[in-house]
Protein chains: 2
Amino acid sequence: MAQQARSPRRLEIRQQKVTLILQAAEKVFAEAGFGGATMQLIADLADLPKANLHYYFATKEDLYRRVVQNIFEIWLHAAEVMDNALGPVEGIGAYIDAKMEISRAHPDGSKLWAYEVMHGAPVIQDYLETTLRDWTTGRAALIQRWIDQGKMRPVNPEHLLYMLWATTQHYADFGHQVETLNGGKPLSDRQWREAKEQVKTTILRGIGAI
Amino acid sequence: MAQQARSPRRLEIRQQKVTLILQAAEKVFAEAGFGGATMQLIADLADLPKANLHYYFATKEDLYRRVVQNIFEIWLHAAEVMDNALGPVEGIGAYIDAKMEISRAHPDGSKLWAYEVMHGAPVIQDYLETTLRDWTTGRAALIQRWIDQGKMRPVNPEHLLYMLWATTQHYADFGHQVETLNGGKPLSDRQWREAKEQVKTTILRGIGAI
DNA sequence: TCGTTTCCTGACCGTATGGTCAAGGGAAAG
DNA sequence: CTTTCCCTTGACCATACGGTCAGGAAACGA
């Protein structure tokens with residue numbers, strides 16, 4: 001009954017394929033939504049037979065769940081830059097930088113997260129209620145400490161966090177709109193830098209941190 | 001061959017039903033996405049036989065297109081408050097107010113717009129390239145004028161507009177997340193007012209308008 | 001080499017979906 | 001009243017989808 005240990009080679013191949021499938025799935029789910037995505041599309045993108053997907057992931061929901069969980073962990077991990085900061089300029093500035101980088105490097109993940117939340121978070125509701133709520137409470141307390149120390153104006157920390165999320169994720173979630181308004185061309189390095197700086201400056205000035 | 005004029009009574013009934021269908025469709029499309037929505041769900045919500053939907057809207061795409069176009073026009077119309085303003089405090093302040101109101105009153109429309117843009121705007125790409133681009137260019141020029149008049153700090157007007165869109169629409173698109181982090185309860189009147197004020201204050205201070 | 005476990009996949013199945021249609025109901029026009 | 005046209009709808013169809021499975025290939029351990 002005990003699960004037999006897999007050989008290293010087997011394990012490696014398994015992990016490679018799982019990763020390949022997850023990458024293809026992230027893209028397809030982000031582009032089409034859960035309902036619009038099909039296992040066949042994901043299989044084609046990963047260049048695998050559809051049945052092979054079902055060998056690694058029992059159902060479409062399972063696959064979707066794994067993709068969303070992956071994204072969530074990347075985000076949580078990237079948010080650690082805010083801790084250990086001496087004040088809002090350093091902490092919030094670094095957080096904005098990190099989130100803008102993610103928006104640029106992983107737009108599909110950001111879109112998928114937006115898609116999931118927009119539809120009532122059917123899959124990751126428990127994460128919202130536990131991990132994300134704890135994280136938010138902790139950072140809100142940190143911001144409140146900065147306020148008490150006179151390092152920034154008194155604001156509602158939750159709403160400030162929403163502003164950070166909204167402004168940074170916008171460049172991923174609405175990237176197509178931004179690109180269209182940019183003459184159909186993706187933002188250049190310079191434009192990304194400008195966007196990042198303007199978001200940071202505006203918010204940090206807005207909360208009286210600079 | 002000419003379209004025969006319809007009687008007033010017929011026209012009225014027709015319009016009522018079309019509106020009913022559009023409302024049901026907006027909700028279902030927003031909740032499930034285009035792929036996840038089904039004509040049967042929309043029909044059930046509108047309390048009509050499915051075949052009746054196809055009498056008024058030939059295909060699912062047609063219905064979706066009409067819904068998205070409706071939303072777009074509401075948005076454009078609401079944006080007029082920005083014109084005729086004497087400066088950024090009045091103009092941008094009123095625009096934020098208007099957009100926050102829309103986020104609260106029409107979250108489904110906002111979500112559907114987000115959904116459409118996130119998926120590459122397959123239906124309203126031409127609107128983005130014409131109407132929205134023109135609108136954006138005009139408001140960017142307005143903001144630039146305010147900058148030239150020394151009424152606010154020099155910022156990139158486009159990125160400022162993105163910040164306005166992002167922060168206000170966040171309360172609709174990510175309303176479920178906001179609600180979950182609010183203890184599972186929707187924002188109260190007081191909290192909405194607080195959110196609106198904080199967004200306005202932070203941005204207007206951030207751009208040096210106050 | 002041989003038996004065992006893991007992995008792979010073409011063919012298949014039940015279901016649900018978008019869309020069609022023909023027949024009927026009912027208001028307006030004559 | 002009769003005719004015409006718009007509207008309504010239950011029944012139906014073809015397709016595409018998620019998921020299954022049996023049988024074979026490949027890798028592993030002894």
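Bear in mind that the values here come from a model prediction, so they are computed numbers and not experimental data. The sequence lines fix the lettering, A, B, ..., with proteins before strands; numbering per chain opens at 1.
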Enquirer: Taking the six-membered ring for Trp, are A:W113 and A:F72 ring centroids under 6.0 Å apart?
Expert: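 They qualify: ring centres under 6.0 Å apart.
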Enquirer: Do you know the tightest heavy-atom contact between B:A37 and B:A32?
Expert: N-CB, 3.6 Å
Enquirer: Using 0.5 Å steps for rounding, measure from the CD atom of A:Q144 to the CZ atom of A:R139.
Expert: 15.5 Å
Enquirer: Give a yes/no answer on whether the side chain of A:R14 brings an N or O atom under 4.0 Å of OP1 or OP2 in C:dT6.
Expert: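 For C:dT6, OP1/OP2 do not have a side-chain N/O of A:R14 under 4.0 Å.
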Enquirer: Nearest-Å distance, CD (A:E12) to P (D:dA27)?
Expert: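 That distance rounds to 13 Å.
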Enquirer: Of B:E26, B:Q69, B:E116, which is the lone residue that meets side-chain hydrogen bond (donor to acceptor under 3.5 Å, both in side chains) with B:Y64?
Expert: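 Among B:E26, B:Q69, B:E116, the one meeting side-chain hydrogen bond (donor to acceptor under 3.5 Å, both in side chains) with B:Y64 is B:E116.
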Enquirer: Measure CG/A:D47 against P/C:dC8 and give the value in whole Å, please.
Expert: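 These atoms are roughly 13 Å apart.
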Enquirer: With respect to the phosphate group of C:dC8, does any side-chain polar atom (N or O) of A:Y56 fall under 4.0 Å of OP1 or OP2?
Expert: yes
Enquirer: Would you kindly give the CG-to-P distance between A:L48 and C:dC7, to the nearest whole Å?
Expert: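 These atoms are roughly 14 Å apart.
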Enquirer: In this structure, how many angstroms lie between the P atom of D:dA26 and the CG atom of A:L11, rounded?
Expert: 21 Å
Enquirer: Roughly how far apart are B:M39 CE and B:L63 CG, rounded to 0.5 Å?
Expert: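 Nearest 0.5 Å value for the CE-CG distance: 5.5 Å.
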Enquirer: To the nearest Å, give me how far apart OH (A:Y55) and C1' (C:dT5) are.
Expert: 9 Å
Enquirer: For B:E179, what residues pass the side chain to side chain contact (heavy atoms under 4.5 Å, CB included) criterion, not counting sequence neighbours?
Expert: B:P186
Enquirer: Between protein and nucleic acid, restricted to nucleotides 15-21 of chain D and to nitrogen or oxygen atoms under 3.5 Å apart, what atom pairs and distances do you find?
Expert:
residue	atom	partner	partner atom	Å
D:dG18	OP1	A:A37	O	3.3
D:dG18	OP1	A:M39	N	3.4
D:dG18	OP1	A:K60	NZ	3.1
D:dG18	OP2	A:M39	N	3.0
D:dG18	N7	A:K50	NZ	3.0
D:dG19	OP2	A:K60	N	2.6
D:dG19	N7	A:K50	NZ	3.1
D:dG19	O6	A:K50	NZ	2.8

Enquirer: Looking across every strand, which nucleic acid part, if any, lies under 4.0 Å from A:F57 by heavy atom: base, sugar-phosphate, or nothing?
Expert: nothing
Enquirer: Check the distance between C:dT6's P and A:K17's NZ and give it to me in whole angstrom.
Expert: 16 Å
